[in-house]
Amino acid sequence: MNYKMLGKLISQILFVEAILMLPSVLLGIIDKDRKTTMGFLVSIGILILTAGILYAVCRNAGKRFYAKDGLVTVALSWIVMSIIGCLPFCISGAIPNYIDALFEIVSGFTTTGASIMPAVEDASRGVIYWRSFSHWIGGMGVLVLLLAVSSIGDKSKGFTMHLLRAESPGPDVGKLVPRMKKTANILYMMYLVLTLLDIIFLLAGGMPLFDSLCTAFGTAGTGGFGIKNDSMAGYSPYIQNVCTIFMFLFGVNFSCYYLIILKRIKAVFLDEELRFYIIAAVGSTVLIVWDLRGFYGSLGETIRHAAFQVSSIMTTTGFATTDFDLWPSFSKSILLCLMVIGACAGSTGGGMKCGRILLLLKGLRRNIRQILHPEKVQVVRNNGKTVDEKILANTNAYLAAYVVILIISFCVISLDGFGITTNLSAVLACFNNIGPGLEAVGPTCNFSSYSVLSKLVLIGDMLAGRLEIFPMLILLSRSTWSRR
């Protein structure tokens, strides 16, 4: 383990986090909110001091860096970033309890959107901005941001690929271009352009600038922290439709957008994961509209709410325009399934990912064919290419880890005495980085009623879900820290 490189990277991430808090300080000064201003200034001071000490100790780090180091760096970076990133909530008094504040910021960075705040509108603009901006930071990944803005990608000996693989969602991660720094730049440029387009369309609908920024951050990162107590229900149908479209767009693999830039449109339409994603979204919307017939005043309103919630849940954003906990059981069952499926690999969305679901289904079909025709060699193909057996093995291992963590988390939080539907949907909502669940953690409720133990378990679920499980599991392995 290259501990010095680990410390050096974490120090640089903490420096970046300190810079990203500055807009909240500015908002505190503009609003003449002393508590918010001091809360962020003190937190920035702690970040800079911690980062400075780490960098001074680790500045002469060696260049040897392996896949294990990349996984550990990513996991520890997100944990340390959250431990200090929640301090503004505590110091300003917005969320006095440290565990609650940690839950809130982890939910923000992991783009989950599960909240413990009962009255969001009572918080200061600086706090609301940081809370929403944490979605945008975590959507593409803080280490990808570091690779894009720093000189790491130019000076590395290949370890940047280990960082990108550990932080990026999906069963397989590749380069868009040969140089990793340029790949990170392209990813963040596309991310920024789509976010700016979202802001422009929201402003065109009459949404105030501050609301537009915070809503776009949540939409882009597929996070879902609302700045109103009713989430998106109070906004106009136009704004709700804009959010529906952009949530869906941010759930698409960013490689597809890069292919569009290269004018390889045919390759985009032939992408199997994208087709699966579109069919699942459209099919779910049609089924829910059929199930909700007569539930709302008109067919148009029914389609708007159904399409919004399907886009919100499948992309794991978590915004809401209506209390879908009141919907019929069939519609809620579809939403629960979409929680697990999630968005595309290589997007800002969570869940198991459409690409991984496709590989699991294709692997199942191959196993059935092998039973029927044992003498015939069967391979799994994706987009016309043979899928590497290592990817299939990793996908199966991911599914096993997913199920085990889901069961353990469900059993632990069940000690709090809530109903089965509440507990199951709470774990699914946190593990798949969605936000709202059903019943006591539905779109009109929050997670504040859970015990400290349950909140810690759900915090672990959010981190494991965002980082694709393995970086968090590797931290718990004794062999990770062995000197052998």
Side-chain angles (χ1 to χ4, degrees), residues 103-104 107 110-118 120 218 222-226 228-233 244 247 280-281 284-285 287-292 295-296 302 305-343 349-352 402-403 405-451 454-455 457-459 461-462 465:
F103 183 96
E104 197 77 9
S107 181
T110 59
T111 72
T112 303
S115 180
I116 53 81
M117 295 180 70
V120 178
T222 59
F225 271 152
K228 304 289 185 183
N229 292 329
D230 62 358
S231 190
M232 299 299 297
T244 299
M247 285 188 294
S284 298
T285 302
L287 289 173
I288 290 176
V289 168
W290 171 80
D291 192 44
L292 292 179
F295 197 86
Y296 294 103
T302 304
H305 289 306
F308 186 97
Q309 291 311 149
V310 166
S311 184
S312 178
I313 296 300
M314 189 170 187
T315 61
T316 69
T317 304
F319 283 141
T321 57
T322 184
D323 186 2
F324 55 79
D325 195 35
L326 301 176
W327 284 3
S329 296
F330 180 68
S331 295
K332 290 191 289 186
S333 298
I334 292 175
L335 294 182
L336 281 175
C337 292
L338 293 178
M339 284 184 184
V340 175
I341 294 172
M352 286 194 71
Y402 182 97
V403 172
I405 293 173
L406 186 69
I407 291 172
I408 293 174
S409 300
F410 172 71
C411 291
V412 173
I413 73 167
S414 294
L415 294 171
D416 284 354
F418 291 103
I420 291 177
T421 302
T422 295
N423 293 328
L424 179 60
S425 64
V427 173
L428 286 174
C430 289
F431 196 15
N432 294 297
N433 306 135
I434 291 160
L438 298 173
E439 293 187 353
V441 291
T444 61
C445 306
N446 58 58
F447 288 71
S448 60
S449 299
Y450 275 109
S451 66
S454 292
K455 287 173 183 172
V457 169
L458 295 174
I459 285 171
D461 287 342
M462 288 188 280

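The basis for the numbers below is simple: all heavy atoms, side chains too, and nothing from hydrogens, waters or symmetry mates. All figures in this text were calculated on a predicted structure; none of them were measured in a lab.
Looking at heavy atoms from C-beta onward, Asp325 lies in side-chain contact with Lys332 at the 4.5 angstrom threshold. By the 4.5 Å heavy-atom criterion applied to side chains, Ser454 and Phe418 are not counted as neighbours. The shortest side-chain heavy-atom distance between Phe295 and Ser331 does not fall under the 4.5 Å cut-off. No side-chain heavy atom of Ile408 sits under 4.5 Å from any side-chain heavy atom of Val457. Leu406 is listed as a side-chain neighbour of Leu428, based on a closest heavy-atom distance under 4.5 Å.
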Please report, to 0.1 Å, the donor-acceptor pairs under 3.5 Å made by any side chain of residues 336-343, with sequence neighbours excluded.
none

Table please: side-chain donor-acceptor pairs of residues 439-446 below 3.5 Å, with sequence neighbours left out.
| residue | atom | partner | partner atom | Å |
| --- | --- | --- | --- | --- |
| Glu439 | OE1 | Thr422 | OG1 | 3.2 |
| Asn446 | OD1 | Ser448 | N | 2.9 |
| Asn446 | OD1 | Ser448 | OG | 2.5 |

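Across all non-hydrogen atoms, the minimal contact from Ala426 to Ile413 is CB-CD1, 4.2 Å. Nearest approach of Ala280 to Met314, heavy atoms of both residues: CB-CE, 3.4 Å. Nearest heavy-atom pair across Ile434 and Pro436 is O-CD, 3.6 Å. Across all non-hydrogen atoms, the minimal contact from Ser312 to Gly318 is OG-N, 3.0 Å. The minimum heavy-atom distance linking Thr321 with Ala233 is given by the pair O-CB, 3.4 Å. Of all non-hydrogen atoms in Phe225 and Ser115, the two that sit nearest each other are CE2-CB, 3.9 Å.
With hydrogens and angles ignored, the 3.5 Å screen pairs no side-chain donor or acceptor of Asp416 with any backbone N or O of Tyr450. Although no hydrogens or angles enter the test, the distance criterion places no donor-acceptor pair under 3.5 Å between the side chain of Ser311 and the main chain of Ala307.
Using bins of under 30°, 30° to 60° and over 60° for the plane-to-plane angle, the ring pair Tyr296/Trp327 lands in the perpendicular bin. Using the six-membered ring where Trp is involved, Phe308 and Phe319 have ring planes that are tilted, between 30° and 60° apart.
Side-chain contact check for Thr316 and Asn433: no donor-acceptor pair (N or O, by modelled atom type) lies under 3.5 Å.
Partners of Phe410 according to the ring pair (Phe, Tyr, Trp, His ring centres under 6.0 Å) rule, which considers only residues two or more places apart in sequence or in another chain, do not exist here.
The line from CG of Leu438 to OG of Ser333 is 9.0 Å long, rounded to the nearest 0.5 Å.
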